[in-house]
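So you know, we letter chains A, B, ... as the sequences are listed, proteins then strands, and number each from 1.
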Amino acid sequence: MSFQLNCPNCGKRAVSEFSFKCEYMERPEADADFKEWGDYIFLRENKKGTQTEWWFHRSGCQSWFLVERDTTNNTDHKSFWYKDLKQKK
Amino acid sequence: MLIKNSPLSGIYRRHSANTVEVSGWLMADDFGNPEKEQKHLQEQCVIADWSHLGKISLSGAKASSDAEKMIKGASKIKVLNTLSDQTSVAFRLTQNDYLLLTGSGNEESLLDKLKKPQSTLINQTGAMGCFALGGARRDEVLERSTAVDLRRDRVTAGSVLQSTLHTVSCTIYRTEDLDILVHSRTFSESLFDALMDVGIGVGMIPTGLSVLPVSFNKEDA
Amino acid sequence: MSRRIDSHEFYEVDKSGKEISFLFDGSVVWAREGDTISSALVASGRKIVSRSFKYHRPRGIYDADGYGPESLVTVDDEPNLLADRVLARNGMDVRSQNNWPSLDFDLAEINDVFVPFLPNGFYYKMFHKPKWLWPIAEKQIRKVAGLGSIDTAGRHNSRRYEKRYRFPDICIVGGGPSGLAAAKAALGEGKQVLLLDDHPELGGHSLHSLARIQESPFSELEGLSEHEGIRKLAAELQDNPNLEIMSGAMVFGVYEDNLVAAQWGNDLMKIRADKVILATGASDRHLVFDNNDRPGIMTARGVERLIMVHGIAPAEEAVVVTTHDGGYHTALLLHGAGVKLKAVVDSRASGTEGVFEKQLEDLNIPIYREMTAHRAHGRKKLQRVDVGPVKGGESFQSFDCDLLVTAVGLMPRLNLLSMGRGRPEWDAERQVLRIMNLPEDMYSVGEVEGPADISSLLQQGMETGLAAAKGNEQPKFNRKPEENIEALPADIESGGDHHFICKCMDVTRKEACMSIDEGFDQVESLKRYTSLGMGPCQGKSCHEAVARLAALDTGLTESDAVPTTMRPPAFPVSFGLLSGRAHHLGPIRRTPMHHCHIDLGVKFLDAGAWKRPDSYMDPQQEALYVRKGVAMIDVSTLGKIELSGPDVIEFMHFMLPGKFAKLDVGRTRYAIMIGEDGILFEDGTISQIEKGKYYISTTTGNQDAIYTLFQWWLTTGDYDVQVKNLSAGISGVNITGPKVREFLSSIIDLDFSNEAFPYMHNRQATLEGVPLNLFRIGFTGELGYEIHFPSEFGESLWNYFMEKGEPFGLKPFGVETQRILRLEKGHLIPGADTDALSNPYEAGVGFAIKDDKEDFIGKAFLAEFKQREIENRLVPYKLQEGDAIPIDGVAVIADGKPVGRVTSSRMSPTLGYGIGMAWVPAGSSEAGNHFNIRSLDGTNVIATVLDHAAYDPEGQILKS
Amino acid sequence: MTERMWNNHEMRSSYDVVIIGGGAHGLATAYYLAKNHGITNIAVIEQKFIGYGGSGRNTAILRSNYRTEEGILFYDQSLKLYEDLAQELDYNLMFSQQGHFTLGHSTASMQALTTRAAYNRALGVNSTILDPPEIKKMLPEIDISNHPRYPIMGALYHPPGGIIRHDAVVWSYARGADQRGVHIHQLTEVQDILVENGEVRGVKTNRGTIHCKQVVSCVAGWSSEICKMVGIKLPLVTHPLQALVTTDYKPWLHHVVVSSTLHIYLSQTDRGELVCGNGIDHYPHYGMRSTLGFLESYAAHLLELFPILHNVTVQRQWAGLCDMTPDYSPIISMVDDVDGFYINCGWGTWGFKGSPASGWNTAQMVAERKTPDMIAAFRHDRYVKNRLVGEKAAASVGN
């Protein structure tokens, strides 16, 4: 047991109920050059601080959602649906 | 027609349950001592296998209007709340996900109400196991089983949530006098063993449909 | 000799405890119910209880509270338990640790004699030259290291531990005056409160205080003595329905998001509270002087606890060393218990003329001022104490005594406050270490914030409880000047070799000073170098002394020399408690036919969480049943996903590298999945089972992952597609072998002829009322049908097939057999024959990729792989008849170097020689090429690359 | 007068080489630059104290039984350097080559372990596969029955593997470097790296700017942040890895035991503590706060292997940071676009094992300004060129 992640559907739950996928990135266009694809697939900001990430509520409502989380302390993170990403940015 | 087996059929054998056929399902009627099981239900707690219940899931943007067609009022339920009538109960698990529980054999009549589903509809009857916990001390079993606060004042009768019991993902539905645990049938036996393992210390024993018959109604309803 | 007291001058001794007895190193010790092992040992006159870690110095009960290492014992074969904390039980077997031949006569005490001659940090400076010396020296060191012995017979493994959760509004740690006052206030606000205390009785140090409560926020307590008042307050709260009290609960951790972890009897309590109030109190400071670890030197609160809680006079003759008025209180308690007080030694020039000081003066007990302890004499027990001026110099006077009490101030118990939140800070005004900035939703109150009198503790507890209940900020409390106790003047430098700072690891002040001179001048590196604070007490008893002395000795300020972050657990907790029960390891997944397999005598195989039939008999024999007759395997663990909707083709074309627009209803096709990185990770089949309904079967291991991946893409993409995970609801068997057509035709009303139901097609049928989906696929290389049906019929259907199949010789077979059969056909299994670097072209499944699509997952990397020269290939191979069969995983060797590996290797029962699949360099991957497989024993076999399946290369059997 | 292990110095305004990170990698790099290449005008910049990061938080297990040729040869060089390090640095590092077990609990893991044994043997590294009864002979208290959830099927046994006193490695490298003139600056934080025209010019710290033409980043879990200063994005994700020690017991376990399926490893020190480690936490994190979940899952898994440890008590838990690469192999690399900048990172859970060889080869790369053959496979841009090194195939937990 560790910190509690806030699922936008189910509310706060132990982080062990969730799966982390990756930091949020835009997928390149299909015709992007190979280097751009390589960067997308392998390189990461790996930010020390607040970053936006993909999480999945594996043991709950089975939803994919985004979390804005401070990777230094996990406190005060914000969770939201993908469809709300655009208005957030 | 071949008989339908509960995911706990192995447990029935291990515990010498008396079985009964319900709508084509071979279910436990009791576990050999209905009087004792009744007493545990009154004074301590029991676990009963309700895996034969009809289960239908609806997902997608149109789930709520489909659910409404099957159970009147279902589209108005708030997320993580439920609505029950005599034979069925609808859980709204997310904005776009419903799970309907209905009496065994009743799924077809519910499905008949929905000629052309607009949502992703799955008859989950055989995919999911279902246990009912009854008796006053069932909270003591749950507090040893899940990291979610299920105390009555936090998760009230009529509410539903999805979380894990002994690391098995479950949909947990509270009524006034029961907790109903719906889960993947593949984990049923494991979950039963785990619940019994902690339950035995608080006087929980397995029982069957004769002692804990299926009901969704809240006492006040 | 019993040290029980019948009466005490200042309070009524509780003698209600029933008499019990236990063994300590084989001798009977009489105790009373309610005693700890420690109190019973003290009551019996026992002085030595343990031997120190390094020098095997005799040690006795010190604080009677388990904050130091002195009381570590083995109880009923359970090592390293704190005698201070374990309640005496009738008949228990307690043993001392780390001594030979006995506790009283320990030969290893000779180590102590060498202390002055060993260089500082000697273990880093010896034994490594010449090189051969260390392994020999290490063996000897390992013979004498450690404390208790692990019970290798495992006699106590059967203890049942439970894990339980609580979710109070407010969790209060510490049931002393401030914790109780906080509880009362929060309850008054209607909150649900959980109060944990580590002793059997609530009240904390107040239980042994004679002080009078002058003012109290709860007026009913005013005028009572502290121990009466606190019991009254606790009793009043006891019955409140909103309060849960856990006495005797050891809180060992405070983790993220207010997760409080405690051991409560045999329960691991996991408490997630909205607010946490830490009222953990304080311990007596550690006084550092020569031989400060001798048995008979005890803390003031330890002595008070023994007297007032347990009714024990711990010695005959005592000296009290103090820096504050608390020492006078302890002295008075000793006197009241009949202990002869030789002296009270106060470091101050004058007392504050408090009541206890007055009483002592009236009793004509000698008080020495501006003095402190310089040296203790006596080895197995304290015999004499030298006292002298605080600033050092010659000792002034000696006293014969068997008890020296140190009452030199309090150090807050910071562990729980500190966990993970950075370092404590030195509060110069209060002269204590504190944690200043607790996170939101966490509060601290009481002596953990610095010493205070009972009125302040109650008042501040009450205000903090109120603040927590209302969600207000932590209130700031000042200390009255007389409540602060100066930290420094009691430690003196006498030049001796035995000023112990850390009694767990036997680290002396001298050693610490020299280490600082060597460059370990930061507390953290000092700690690592000397092991200061890294022993059983984890710095609880020494971190403050380390900080103060490091400050003195380095010229740093106290604020620079603060101890490091304290880490959980605050008290040692056992693996048994943490583990809970075996089922916490993870649940088992079972197919509906699980018990049918058991009845058939199956050997199971773990496949992730699943139990799958590995085999029922010799797999080679099982394989022949498939090749020659008919056999059935449970394939329920395969993933089953149904896709439909207007955009289904578009979605599949994006998700998968294949093309499916021309996959007609009733057709089935092999498909692979790759990642964006172009790596093959999955294969399976896709069938159009009804118009617009596509049915995907995946491997066992990936069923959840693939469904989840589909969901992710549907979340981000704009597809009108319905995805149904049918994996649990649909089960299946594969029935295969030359007689299968005959068998199935006899029971299922379906035309099984090759024309009506060709290879790679699917059909629907009904059997005894059960709807079936049938897929004619051929992983085994034999004519075969995979039959899917609702899981609730699994058990019935399996038994039905077994019964009806008996005349046809139907046998069950398992996964191992299937692996042999598919190997005869040269089919790969992703994950077994491929790994995280396998690209599909090299793995030989490039045929399943149709890359003339606009966009699909992995397109860019596949394009790169395709134009790149093939470097390695996964190939089927065969061995010569009679060649030994290598085990899976051995290397392919060329020119003495490993250049590839065998992924699957089996004896072919059909062909009578070894077959397999291997990754080999492209240069030796053409059909007919040879390569060398080396087994681990060094023997080599030559394998020949095949360009087709070893069995039925043309697929005639499969397709006819 | 006691001799100091290392000295505090005034910071010079320029050095030939600045090494960021005072862990085992940074200090070993400084030591070998000085010793092998005669470059001594070096500053090692450490934000806290030397050995603060992974060097002081790992479980001190050494081995060389890797999966790929690149990995095996590199870690074999490292292990051999470790074998002579105590004599070379005149400091008892307590290297105890007690033998290293990696247990397999599934056919898949046995296959992977066999491949490692086969590759190791072919490349001269002592490794073998043991069956359960052979394991039981050497570890009498291990449970090889069918009772555990995942019974033991076999083990990869690696006799030269073992444990070492990890802090002492840091201190003795520091002393070795200090004696050769290297300046170690603790409590010094790097704020920026100065680059002009694609060439390194210096390092800005909280104690002033240092001019230099070569900068080596040896900061493991914090690498992404340092490399951002010169505009390089790395294929790293920083995850915590947790560990614990028990109270002291009479030494009972005389081998290192690792189980990849159960995600655990343990060994017992000469002092008597069991040192225990886990797989990485499942989400990235820079905080080093430990969790209760780690204790619980570790305990449950450990008791599967050794039921007799039921009553053994945990004394302390902590966490360190791991810079995970996609192929579980390190990055030791020059950078095409920034002349004079060198990256040393991507050590995942294995950094401590690689410290001497990492220092040795990094030093050679800096001194010669070209990549030594030994580390040619470990370039930072191999991912984008899709030339991965296949250590990931080995196992999820490989300590």
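- Contacts of D:T107 with chain C are made by side-chain atoms alone, with heavy-atom separations under 4.5 Å and no backbone atom involved.
- Contacts of C:Q263 with chain D are absent, with no heavy-atom separation under 4.5 Å from either backbone or side chain.
- In terms of non-hydrogen atom pairs under 4.5 Å with chain C, the most contact-rich of D:V170, D:L123, D:T114 is D:T114.
- Proximity to chain C involves both the backbone and the side chain of D:R149, based on heavy atoms less than 4.5 angstrom apart.
- A cation-pi arrangement is not found for D:R271 relative to D:Y249, the charged atom failing to lie both closer than 6.0 Å to the ring centre and inside a 45° cone about the ring normal.
- Contact annotation for C:I893: only side-chain heavy atoms (C-beta onward) come within less than 4.5 Å of a heavy atom of chain D.
- Note on ring orientation: taking the six-membered ring where Trp is involved, the planes of C:Y255 and C:F252 are perpendicular (angle over 60°, cut-offs 30° and 60°).
- Chosen from C:F861, C:F865, C:Y529, the residue pairing most often with chain D at heavy-atom distances under 4.5 Å is C:Y529.
- Within the 4.5 Å cutoff, side-chain heavy atoms of C:Q97 are placed close to those of C:L72.
- In this structure, the separation between OG1 on D:T261 and NE2 on D:H301 is 9.5 Å, given to the nearest 0.5 Å.
- With a 4.5 Å cut-off on non-hydrogen atoms, D:S127 does not touch chain C at all.
- If you measure heavy-atom distances from D:E69 to chain C, the contacts under 4.5 Å come from the side chain alone.
- Only the side chain of D:Q98 comes within contact range of chain C, with at least one heavy atom under 4.5 Å from a heavy atom of that chain.
- With salt bridges taken as basic N to acidic carboxylate O contacts below 4.0 Å, one links C:K270 and D:E296.
- Proximity to chain C (any heavy atom under 4.5 Å) is shown, for D:D270, by both the backbone and the side chain.
- There is no contact between C:K139 and chain D, counting heavy-atom distances below 4.5 Å.
- For D:L303, the part lying near chain C is the side chain, with the backbone staying farther off; criterion is any non-hydrogen pair under 4.5 Å.
- Ranked by heavy-atom pairs under 4.5 Å with chain D, the first of C:P572, C:S904, C:A891, C:A607 is C:P572.
- No part of D:L262 comes within reach of chain C, as not one of its non-hydrogen atoms sits under 4.5 angstrom from that chain.
- Contact of C:E256 with chain D is made through backbone and side chain together, with heavy-atom distances under 4.5 Å.
- Most heavy-atom pairs under 4.5 Å with chain C: of the set D:D90, D:N7, D:L302, this distinction falls to D:D90.
- Of all the listed residues (D:E141, D:Q87, D:M5), the one sharing the greatest number of non-hydrogen pairs under 4.5 Å with chain C is D:Q87.
- Partners of D:E70 by side chain to side chain donor-acceptor pair (under 3.5 Å), not counting sequence neighbours: none found.
- Residue D:W252 touches chain C through its side chain alone, counting heavy-atom pairs closer than 4.5 Å.
- A distance of 5.5 Å separates CE in C:M534 from NZ in C:K527, rounded to the nearest 0.5 Å.
- Annotation: the span from C:S525 atom OG to D:W171 atom CH2 amounts to 7.5 Å, rounded to 0.5 Å.
- Heavy-atom distances place both the backbone and the side chain of D:A117 under 4.5 Å from chain C.
- Residue D:Q315 touches chain C through both its backbone and its side chain, counting heavy-atom pairs closer than 4.5 Å.
- The CD atom of D:Q242 lies 5.5 Å from the OG atom of D:S290; values are rounded to the nearest 0.5 Å.
- With a 4.5 angstrom heavy-atom cutoff, D:F95 touches chain C only via backbone atoms.
- Across all their heavy atoms, D:A60 and D:H166 have their closest contact at CB-CB, 4.0 Å.
- Of all the heavy atoms in C:R819 and C:I829, the pair that sits closest is NE-CD1, 3.9 Å.
- Residues D:D178 and D:R4 are not paired through a salt bridge, judged by the lack of any N-O separation under 4.0 Å between the basic side chain and the carboxylate.
- Looking at C:A860, neither its backbone nor its side chain comes within 4.5 Å of chain D, counting heavy atoms on both sides.
- Looking at heavy atoms from C-beta onward, D:F306 lies in side-chain contact with D:I142 at the 4.5 angstrom threshold.
- If you measure heavy-atom distances from D:H254 to chain C, the contacts under 4.5 Å come from both the backbone and the side chain.
- Heavy-atom distances place the side chain of C:L837, and not its backbone, under 4.5 Å from chain D.
- A heavy-atom distance below 4.5 Å is found between the side chains of D:V312 and D:L274.
- Using a 4.5 Å cut-off between heavy atoms, D:L89 does not touch chain C at all.
- Heavy-atom pairs under 4.5 Å with chain D peak, among C:Y124, C:F53, C:F520, at C:Y124.
- A cation-pi arrangement, defined by a distance under 6.0 Å to the six-membered ring centre and an angle within 45 degrees of its axis, is present between D:R67 and D:Y119.
- In terms of non-hydrogen atom pairs under 4.5 Å with chain D, the most contact-rich of C:G896, C:G535, C:G831, C:P135 is C:G535.
- We find the CE-CG distance between C:M250 and C:L577 to be 11.5 Å, quoted to the nearest 0.5 Å.
- The residue among D:T269, D:T128, D:I50 with the most heavy atom pairs within less than 4.5 Å of chain C is D:T269.
- When each of D:H105, D:Q97, D:E83 is scored by its heavy-atom pairs under 4.5 Å with chain C, the top score falls to D:E83.
- Contact annotation for C:D677: only backbone heavy atoms (N, CA, C, O) come within less than 4.5 Å of a heavy atom of chain D.
- Among C:G576, C:A137, C:G678, the residue with the largest count of heavy-atom pairs under 4.5 Å with chain D is C:G576.
- Using a 4.5 Å cut-off between heavy atoms, C:M126 contacts chain D through its backbone alone, with no side-chain atom that close.
- Counting heavy-atom pairs closer than 4.5 Å to chain D, the top-ranked of the candidates C:I588, C:V573, C:V902 is C:V573.
- Taking NE2 of D:H310 as the start and CG of C:D151 as the end, the distance is 11.0 Å to the nearest 0.5 Å.
- Only the backbone of C:V899 has a heavy atom closer than 4.5 Å to any heavy atom of chain D.
- A salt bridge between C:K125 and C:E518 is present, with a side-chain N of the basic residue lying under 4.0 Å from a carboxylate O of the acidic one.
- C:D895 places no side-chain N or O within 3.5 Å of a backbone atom of C:K897 that could act as its donor or acceptor partner.
- Taking D:W318, D:Y150, D:Y383 one by one and counting their heavy-atom pairs under 4.5 Å with chain C, the maximum is reached by D:Y150.
- Not counting sequence neighbours, the partners of C:D614 by the salt bridge (charged side-chain N to carboxylate O under 4.0 Å, His left out) test are C:K603.
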